[in-house]
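Structure first, commentary second.
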Protein chains: 2
Amino acid sequence: MAECRRANLGDKHPCRSCAVSARAVCNTLDVQALAELRNQGGEVRLSQGEALFHQGDRADCVFSLTSGIIQLYALLPDGRRQVIAFHFPGEFIGLCGWGDHHCTAEAVSRATLCRFDAARFEQFARRKAELAQSSQHRLTGDLIAAQNRTVLLGRATARERLACFLHDVHHRSQAGAGAGAPGNVIHLPMSRIDIADYLGLTKETVSREFTALRQARTIRSRPGRQLEILDMARICSLAFGTGTFSESALAAL
Amino acid sequence: MAECRRANLGDKHPCRSCAVSARAVCNTLDVQALAELRNQGGEVRLSQGEALFHQGDRADCVFSLTSGIIQLYALLPDGRRQVIAFHFPGEFIGLCGWGDHHCTAEAVSRATLCRFDAARFEQFARRKAELAQSSQHRLTGDLIAAQNRTVLLGRATARERLACFLHDVHHRSQAGAGAGAPGNVIHLPMSRIDIADYLGLTKETVSREFTALRQARTIRSRPGRQLEILDMARICSLAFGTGTFSESALAAL
DNA sequence: CGTTCAGTTGACTAACGTCAAGGGTAGTGG
DNA sequence: CCACTACCCTTGACGTTAGTCAACTGAACG
């Protein structure tokens, strides 16, 4: 269905080659509406570690992530950092701000995004009910993910947090990649510090827990920042089934 | 402005006496639309400890809290509990669920709510743009609150968590009560266990931190579950200004 | 071939949790 | 009106988990 719509695009249309068109917000739009939406924005390319926006910036744009991984994080005055979310291709970024951004968005790996003017996007959504509904569903999904993370950070042990993280990354990269990734191998471009700041731990604790899982033959490290999950049942039982990613949102669409 | 609309109501109209009409979702509606919305639902009264809905229940209703405090919490299979949010009068409950509720909603103190059928509310919102916008703002506010809580639970000490909690309750009850509450006295109907489960701590740790703040003359206990904040500056500096309640949403409306 | 930085590991520490006992208070029934 | 009870809160002693500090390893880069 989404494919049908895209088939009508001219060969030179940039959305033609978009890898996430079937999953992105814009997939609800017909060709003409898509063109109209595109006119409002442009493309953003980020290299690793580059920021999309900073905590305190005016939130005047929204973004659809087409490739790479983006992390949102907050910095406390004394330098403590908390990663609020990792965003994967096909997801929407910027819903959580009217006014000023309360967090920084930074590329974990090289990333590309479609940028839209926030006010015009909202105006556009008022006319296109499907778009409004789609972005509301994503917002709801983000809320549920954030609330689930609250449970994880408030009540789970270090082992459980890591298992939950691995479970979610696995789940989400399945959804994303379609084919390609064989079996239970996942790609983890984020550093131990990023993971630690996401899970409310230190890099040392994360490292120790990785070692423990490796020694229990639950996971195995692979070259190129890849990780194979050998005992998925074990991971699932440690993760007590709580998804902390907004992926749940996409599933329900 | 909200008052003007309500002045047109008949004397017997139940919304006439609503204490939160100026702050609730329905405040955006004119008299006729209000009547129409009311026809879809009814009133719910809960005694202390009674549940509004349970984790796993079908999420087919949304609610506007008119009095009392509601807590949302998740239970893990082994009994660990995490309170996800406290909701205060004027706030909207149930946005976070299509499908099944992922948490339980329970009255901390005696509470009353307006109930609306979720599907019909949504349908209604499609026709009334103000309502849709208002509920979207509330949803966004809840997301920001949940994300801020992520920072608190991931990176703050016990002392900071408690200070942040007190700061937020103070802030929110100011917004709610209007006049009435003198100076910096707040009402805390929730138990130490509720607070502990909200802050990702144990009741003993919460109790010890209360004692420490009391001994430092930062707070003072008052009869009737009331608490006076003596040194607000100290509370604010410990709370590093992070609001964890969805109240921020209301402020921006 | 050295430098740098991410990751790992070990020894020690601090913060919070656990377990257990005692005290205050409100509600209940004689 | 006063005991009785139950529950919540507080406090102390001790245990455990994860944090801190520091050294070492190995891969990436110039």
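Naming convention: chains lettered A, B, ... in sequence-line order (proteins, then strands); numbering from 1 in each chain.
- With salt bridges taken as basic N to acidic carboxylate O contacts below 4.0 Å, none links B/Glu209 and B/Arg192.
- Looking at B/Phe53 and B/Glu106, their side chains never come closer than 4.5 Å, going by heavy atoms from C-beta outward.
- Within residues 201-214 of chain B, the residues that have a heavy atom under 4.0 Å from DNA chain D are, in order of number, B/Glu204, B/Ser207, B/Arg208, B/Thr211, B/Arg214.
- Near DNA chain C, meaning a heavy atom under 4.0 Å from it, residues 189-197 of chain A has A/Ser191, A/Arg192 in order of number.
- Five base pairs at each end of the helix from C/dC1-D/dG30 to C/dG22-D/dC9 define two local axes, and these are offset by 40° (rounded to 10°).
- Residue pairs meeting the side chain to side chain donor-acceptor pair (under 3.5 Å) criterion with at least one member in residues 55-64 of chain B, sequence neighbours excluded: B/Arg58-B/Asp100.
- For B/Glu228 and B/Arg214, the salt-bridge test fails: no basic side-chain N is under 4.0 Å from an acidic carboxylate O.
- The CZ-C1' distance, from A/Arg81 to D/dG19, rounds to 17 Å in whole Å.
- No side-chain heavy atom of A/Arg159 sits less than 4.5 Å from a side-chain heavy atom of A/Thr205.
- Counting heavy atoms from C-beta on, the side chains of A/His187 and A/Val169 never come closer than 4.5 Å.
- Counting to the nearest Å, the P atom of C/dC16 and the CG atom of B/Leu162 are 12 Å from each other.
- Judged by a 6.0 Å distance limit and a 45° cone about the ring axis, A/Arg23 is not positioned over the six-membered ring of A/Phe88.
- Under the 3.5 Å distance criterion, with hydrogens and angles disregarded, a donor-acceptor pair is assigned to the side chains of B/Asn184 and B/His170.
- Side chains of A/Thr150 and A/Gln147: no donor on one and acceptor on the other come within 3.5 Å.
- Relative to the six-membered ring of A/Phe86, A/Arg172 misses at least one condition, a distance below 6.0 Å or an angle of at most 45° to the axis.
- Panel note: side chain B/Arg149, backbone B/Tyr198; a donor-acceptor pair is recorded below 3.5 Å.
- Note on residues 197-206 of chain A: pairs passing salt bridge (Lys or Arg N to Asp or Glu O under 4.0 Å), not counting sequence neighbours, are A/Arg81-A/Asp197, A/Asp197-B/Arg155.
- For the pair B/Leu199 CG and C/dA15 P, the interatomic distance rounds to 18 Å; values are reported in whole Å.
- When rounded to the nearest whole Å, the span between CZ of B/Arg159 and P of C/dA15 equals 10 Å.
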Walk me through it: do A/Gln82 and A/Tyr73 pass the test side-chain contact (heavy atoms from CB on, under 4.5 Å)? CA-CA 5 Å; A/Gln82 177 65 41; A/Tyr73 64 79; over 6 Å; no
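- Within residues 215-226 of chain A, the residues approaching DNA chain C are A/Arg225, by heavy-atom distance under 4.0 Å.
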